[in-house]
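Beneath this line is the structure, given in structure tokens, with notes to follow.
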Amino acid sequence: MSGLGHIGELQIINDLQKDHKFEIYLPLKDKGLDFVCLKKNISIQIQVKTSKFQKESYFWIDLYKNKMVYSENTFYIIVLYVLPRRRMMGKRKNYLIIPSLDLKEMIRSKSIVSKKGDENIFNIFIYPDDEKKKWYYKNKGKEKDLTKYWNNFDLLKKI
């Protein structure tokens, strides 16, 4: 894990514990999931991906199809990292909290596309639109509005 990836995981763990009252359990080995949250006897599996703003334009992460876990209680949280004193889209912390089954459907329907020459890797480019206060996935002529996932911790409560 890179230093930035570690910062993103710690940021999410802190927010889930402090603001949303989840208990956090870390696995001994990371095999596609970073940690498990527990609240009211419900467990939620979390994979965190972190990116910093690049080229004054976008955030970028890679997802590896062969490492992905899909279930009703598995979520991918993309940390759209900016330095602590900065803001992006009017907020200091920006997360896309995406249910794994939504990601699975995006892959199945080809709403998100794989890397040229490697069907196992999905390059996820996320563009902020500050004017409209929206977040978009864009790659190879595909575009998908991801705004409904923006800081939407309510998705974790619907399990």
Side-chain angles (χ1 to χ4, degrees), residues 1-2 4-13 15-16 20 22 24-27 29-39 42-55 57-82 88-89 91 93-130 132-159:
M1 167 193 326
S2 73
L4 185 62
H6 198 75
I7 289 169
E9 284 183 26
L10 292 173
Q11 202 175 55
I12 289 293
I13 287 170
D15 286 356
L16 288 171
H20 302 282
F22 281 98
I24 305 295
Y25 296 92
L26 301 171
K29 289 188 177 184
D30 180 344
K31 293 197 175 198
L33 297 170
D34 290 318
F35 57 88
V36 175
C37 303
L38 187 65
K39 187 175 184 180
I42 295 172
S43 68
I44 299 171
Q45 302 174 117
I46 303 289
Q47 174 64 43
V48 179
K49 295 291 187 179
T50 305
S51 179
K52 62 183 177 179
F53 199 48
Q54 301 191 30
K55 299 181 180 180
S57 183
Y58 60 86
F59 295 85
W60 164 46
I61 63 156
D62 283 339
L63 292 177
Y64 294 84
K65 192 174 184 177
N66 64 346
K67 291 184 179 181
M68 295 185 72
V69 176
Y70 304 111
S71 72
E72 188 175 299
N73 67 331
T74 301
F75 291 81
Y76 285 75
I77 300 179
I78 302 171
V79 177
L80 306 162
Y81 184 79
V82 293
M88 173 70 64
M89 304 272 278
K91 299 186 182 293
K93 294 180 183 174
N94 292 284
Y95 309 129
L96 296 178
I97 302 165
I98 306 175
S100 65
L101 295 178
D102 286 11
L103 271 174
K104 184 178 184 180
E105 177 56 26
M106 289 177 210
I107 291 167
R108 187 203 64 74
S109 68
K110 298 195 186 310
S111 298
I112 61 175
V113 294
S114 60
K115 182 177 179 179
K116 184 177 182 180
D118 193 340
E119 292 291 316
N120 185 50
I121 301 173
F122 294 92
N123 299 133
I124 309 296
F125 294 94
I126 300 165
Y127 292 81
D129 183 333
D130 200 35
K132 295 180 182 176
K133 298 292 185 234
K134 291 190 171 277
W135 296 92
Y136 294 98
Y137 160 84
K138 296 179 187 179
N139 194 5
K140 296 182 184 171
K142 300 283 185 173
E143 183 174 309
K144 181 155 187 69
D145 185 349
L146 300 175
T147 309
K148 72 179 181 179
Y149 303 113
W150 183 26
N151 292 343
N152 190 352
F153 285 95
D154 288 341
L155 291 168
L156 302 177
K157 298 173 188 171
K158 292 181 180 178
I159 302 276

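What's counted below: heavy atoms across the whole structure, side chains too, no hydrogens, waters or symmetry copies. Here the structure is a predicted model, which means the values were calculated and not measured.
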Listed partners of Lys93 passing salt bridge (Lys or Arg N to Asp or Glu O under 4.0 Å), at least two apart: Asp15
Shortest non-hydrogen separation from Ile24 to Cys37 and the atoms involved: CD1-SG, 3.7 Å
What distance separates Leu33 CG from Met68 CE, expressed to the nearest 0.5 Å? 10.5 Å
Just by distance, do the side chain of Asn120 and the backbone of Asn66 share a donor-acceptor pair under 3.5 Å? yes
Closest approach of Thr74 and Ser71, non-hydrogen atoms and distance? OG1-OG, 2.6 Å
Sub-4.5 Å side-chain heavy-atom contact between Pro99 and Leu155: yes
For the residue pair Tyr137 and Val113, what are the closest heavy atoms and their distance? OH-N, 3.0 Å
Which heavy atom of Glu9 sits nearest a heavy atom of Val48, and at what distance? CG-CB, 3.8 Å
Looking at the rings of Phe59 and Phe53, which for Trp means the six-membered one, are their centres under 6.0 Å apart? yes
OH of Tyr58 to CD1 of Ile126, rounded to nearest 0.5 Å, is 12.0 Å
Does a side-chain heavy-atom distance below 4.5 Å link Met88 with Pro128? yes
Verify, without hydrogens or angle tests, whether Lys144 (side chain) and Ile112 (backbone) share a donor-acceptor contact under 3.5 angstrom. no
With sequence neighbours excluded, what pairs up with Phe22 under the ring pair (Phe, Tyr, Trp, His ring centres under 6.0 Å) test? none
Step by step, would you call Trp150 with Leu96 a side chain to side chain contact (heavy atoms under 4.5 Å, CB included)? CA-CA 5 Å; Trp150 183 26; Leu96 296 178; 4.1 Å; yes
To the nearest 0.5 angstrom, please state how far the OH atom of Tyr76 sits from the CD1 atom of Ile98. 10.5 Å
Could you grab the distance from atom CE of Met106 to atom CG of Leu101, nearest 0.5 Å is fine? 11.0 Å
Quick one, Ile42 with Asn73, criterion side chain to side chain contact (heavy atoms under 4.5 Å, CB included). Give me CA distance, side-chain angles, the key distance, then yes/no. CA-CA 9 Å; Ile42 295 172; Asn73 67 331; 5.9 Å; no
Does the side chain of Asn151 come within less than 4.5 Å of Lys91's, by heavy atoms? yes
Less than 4.5 Å apart, side chain to side chain, heavy atoms only: is that true for Ile46 and Ile13? no
Set of residues satisfying salt bridge (Lys or Arg N to Asp or Glu O under 4.0 Å) with respect to Asp102, sequence neighbours excluded: none
Could you tell me the separation between the CG atom of Leu4 and the OG1 atom of Thr50, rounded to the nearest 0.5 Å? 5.5 Å
Go through it in stages, so that I can follow the logic: the residues are Leu156 and Leu16, the test is side chain to side chain contact (heavy atoms under 4.5 Å, CB included), and I'd like the CA-CA distance, side-chain angles, deciding distance and then a yes or no. CA-CA 10 Å; Leu156 302 177; Leu16 288 171; 3.6 Å; yes
Just jot down the side chain to side chain contact (heavy atoms under 4.5 Å, CB included) partners of Asn123, sequence neighbours excluded, or say none. Trp60, Asp62, Lys115, Ile121, Phe125, Asn139
So, using salt bridge (Lys or Arg N to Asp or Glu O under 4.0 Å) as the criterion, who are the partners of Lys133 when residues are at least two apart? Asp130
Taking atom CD of Glu143 and atom OG of Ser111, what is their separation to the nearest 0.5 Å? 11.5 Å
If we only count heavy atoms from C-beta on, is the Trp135 to Leu80 side-chain gap below 4.5 Å? yes
Tell me, please, which residues at least two apart from Phe153 pass ring pair (Phe, Tyr, Trp, His ring centres under 6.0 Å). His20, Tyr95
